[in-house]
Amino acid sequence: MSQSLHFFTPSNLTFSKQSLPKPSCNRRFPVTTLSPKLISIKASTSADPNSSTTPPQVLISDNGTGAGEILSSTPQDYDTPPSQSFLSDSSSIDVDAATEVELKENGFRSTRRTKLVCTIGPATCGFEELQALAVGGMNVARINMCHGTREWHKRVIERVRRLNEEKGFAVAIMMDTEGSEIHMGDLGGASSAKAEDGEIWTFSVRAFDLPRPERTINVNYDGFAEDVKVGDELLVDGGMVRFEVIEKIGPDVKCRCTDPGLMLPRANLTFWRDGSLVRERNAMLPTISSKDWLDIDFGIAEGVDFIAISFVKSAEVINHLKSYIAARSRDSDIAVIAKIESIDSLRNLEEIIQASDGAMVARGDLGAQIPLEQVPSAQQKIVQICRQLNKPVIVASQLLESMIEYPTPTRAEVADVSEAVRQRADALMLSGESAMGQYPDKALAVLRSVSVRIEKWWREEKRYEAMELPAVGSSFSDSISEEICSSAAKMANNLGVDALFVYTKTGHMASLLSRCRPDCPIFAFTSTKSVRRRLNLQWGLIPFRVSFSDDMESNLNKTFSLLKARGMIKSGDLVIAVSDMLQSIQVMNVP
Ligand SMILES: Nc1ncnc2c1ncn2[C@@H]1O[C@H](COP(=O)(O)OP(=O)(O)O)[C@@H](O)[C@H]1O
Ligand SMILES: C=C(OP(=O)(O)O)C(=O)O
Ligand SMILES: [K+]
Ligand SMILES: [Mg+2]
């Protein structure tokens, strides 16, 4: 028995009960059990002009049941076209192997809603290590183009893709650009360099011979010696180590260490004068350097899912990059993530986020550009704006910094992770913890367990302030979608349903549901692997790849049957379904 709320459009007005295409190949239960009962009607503009004309597709062949055998044998990124689908009489549905295990173990009410991004580095670049992260819940693998060679990154991408193909994961790939900011060289291959109090170090644009002379640091920015002044404070990695500039000799800048510490290869450098960040010539450097453009070409060629842009200053660069990608990539479905890590990005926050497909609170560099005590409020603001503008947001850097060296986090780190989860950020990111730390799997496990615990606490206690979610779309059809999603989410909370189902071609309806942060998980069904991987970054979405038609009733029948066969749902579960083909809300028990 199901109940539904339809928003009738000229296209779906013709979609009468009698004309519904007969659902095919579902032998598990009769379709009549699902006949929707109409409870409300509203006329509106058109949703999808093809909604009543496209014949239903059949879900493509399935043979996998175990977590390791889920992936169908079709390696291409797109479904079998409808005509071919009709030829198949069996069905398949793809879901990330780790998610499937989690769904079965914990039941879907308790699945993790917060997504996890892991930076891949020397500690995790091998196939086995990547697999361990995927099993541990990594949703997105991040490669930082600031480090390593393109060849190295290419191998990592290949391994992640192989993991997805062979082991049934759906890990997305995010490429992060180096950006034009000033940083140290790679320390001649050393893993770190220790600066002691009072030591004199030379920072220079000169390339030093190997082995690197003692107490020398190469700097990547040609104007460095000209821009700094004697008396300036030089901060490594936002102040992890500090120096005072004492003398300039040609390209060499002599500095005295005032706060000792460990310097990592390619650590970021900023200089301060009279208590303010010096932003002279380096602030004029382009956001995307010529090297970044080559890396972006590489990312497009490799088909990465996300490109994160470092040190974004304005919306312009995002728009430029998006048109560049659209012109070059076949299906232009690479999402652009704006890293908020500079004073300029904070100034133009709304327009940058509006232009982007998501944002990252890049606290590492942000904390080097604004006083540390201002970082938490900036984080809260960025997370809130992203939610309002319906863009996924990642909270990044130093979440579990001590776990680079130790197997347990500090209480303060757990509190920091909890706060990001409580703010309902879409995703949390590991940097050094997973790239070069000693306990990458343990760090990921901490993010996972803290996320699940805080999410549960939030649902039980309902300790949240209701957030006004403004309209994001411009057309009347967009408004209908937004209203449907917010109503569906509200109904799901009030009725205590087990899951929201959303059938979405582009992922937009799924993101609108995610934005409402409902109590139950959201099963997002989409027909392309790339959309499914992109949905991996968004809060509460469990992305499935399945081919589906514009006929909701047959979609539901088939999905129920496939999910039941896989043990992911059971008869009696209460579900609310929406789709971007037919503007309706249906409430039903799984037959
Ligand atoms: N591809 C890589 N090759 C070597 N080391 C890496 C790589 N990616 C990350 N790392 C190491 O992990 C640390 C943390 O990564 P990340 O936060 O992404 O970079 P950064 O510290 O430059 O901001 C880096 O400082 C570097 O030591
Ligand atoms: C994520 C960040 O950027 P990157 O690691 O590339 O410096 C950051 O600065 O916090
Ligand atoms: K970077
Ligand atoms: Mg940064």
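It should be emphasised that the depicted structure is a prediction, and the values quoted were computed from it without experimental measurement. Counting starts at 1 for both ligands and their atoms, following the listed order.
In this structure, the protein non-hydrogen atom closest to atom 7 (O) of ligand 2 is Asp365 OD2, 3.0 Å. Among all non-hydrogen protein atoms, the one lying nearest atom 10 (O) of ligand 2 is Ser397 OG, 2.5 Å. Here the heavy atom of the protein found nearest to atom 3 (O) of ligand 2 is Lys339 NZ, 2.8 Å. If you check which protein heavy atom lies closest to atom 2 (C) of ligand 2, you get Ala362 CB, 3.6 Å.
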>> Test salt bridge (Lys or Arg N to Asp or Glu O under 4.0 Å) on Lys291 and Glu178; report intermediate values, then the result.
In response: CA-CA 8 Å; Lys291 188 246 182 194; Glu178 176 169 345; 2.8 Å; yes
> salt bridge (Lys or Arg N to Asp or Glu O under 4.0 Å) between Asp259 and Arg242: does it pass, once the steps are laid out?
Replying inline: CA-CA 5 Å; Asp259 278 341; Arg242 283 169 201 254; 3.3 Å; yes
> Should Asp426 and Arg517 be marked as a salt bridge (Lys or Arg N to Asp or Glu O under 4.0 Å) after you check the CA-CA gap, both sets of side-chain angles, and the distance that decides it?
Replying inline: CA-CA 10 Å; Asp426 288 84; Arg517 306 295 195 251; 3.1 Å; yes
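Close contacts of ligand 2 with Gly364, meaning ligand atoms under 4.0 Å from a residue heavy atom, involve 8 (C), 9 (O), 10 (O). Atoms of ligand 2 lying under 4.0 Å from at least one heavy atom of Arg363, given by number and element, are 10 (O).
Summary: OD2 is the N/O/S atom of Asp365 found nearest to the Mg ion (ligand 4).
Remark: the Asp365 side chain and the Ser342 side chain contain no N/O donor-acceptor pair separated by less than 3.5 Å. With 3.5 Å as the limit, one finds a donor-acceptor pair spanning the side chains of Asp333 and Ser530.
Residue contact annotation: Glu341 places an N/O/S atom under 2.8 Å from the Mg ion (ligand 4).
Contact between Arg142 and ligand 2 is present, with at least one heavy atom of the residue lying under 4.0 Å from the ligand. Residue contacts with ligand 2: Met360 is included, with a non-hydrogen atom under 4.0 Å away.
Taking each heavy atom of Val117 and Ala427 in turn, the nearest pair found is CG2-CB, 4.1 Å.
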If you look at each N/O of ligand 1, which protein N/O atoms lie under 3.5 Å away, and at what distance?
| unit_1 | atom_1 | unit_2 | atom_2 | d |
| --- | --- | --- | --- | --- |
| ligand 1 | 18 (O) | Arg142 | NH1 | 2.8 |
| ligand 1 | 18 (O) | Asn144 | ND2 | 2.8 |
| ligand 1 | 19 (O) | Asn144 | ND2 | 3.1 |
| ligand 1 | 19 (O) | His147 | NE2 | 3.3 |
| ligand 1 | 22 (O) | His147 | NE2 | 2.7 |

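When the shell of 6.0 Å around CZ of Arg256 is examined, it contains 12 or fewer heavy atoms from other residues, nucleotides or ligands. Counting non-hydrogen atoms of neighbouring residues, nucleotides and ligands closer than 6.0 angstrom, the CG atom of Asp274 reaches no more than 12 such neighbours. Within 6.0 Å of CZ in Phe208 there are more than 12 heavy atoms belonging to other residues, nucleotides or ligands.
Taking the six-membered ring for Trp and thresholds of 30 and 60 degrees, Trp539 and Trp458 have ring planes more than 60 degrees apart, a perpendicular arrangement.
Judged by the 6.0 Å and 45° rule, Arg273 forms no cation-pi pair with Phe271.
Considering backbone and side-chain N/O of Glu341, one or more are found under 3.5 Å from N/O of ligand 2. Not a single N or O atom of Leu366, backbone or side chain, sits closer than 3.5 Å to an N or O atom of ligand 2.
Contact annotation: the side chain of Arg533 never approaches that of Val171 to less than 4.5 Å [non-hydrogen atoms, C-beta and beyond].
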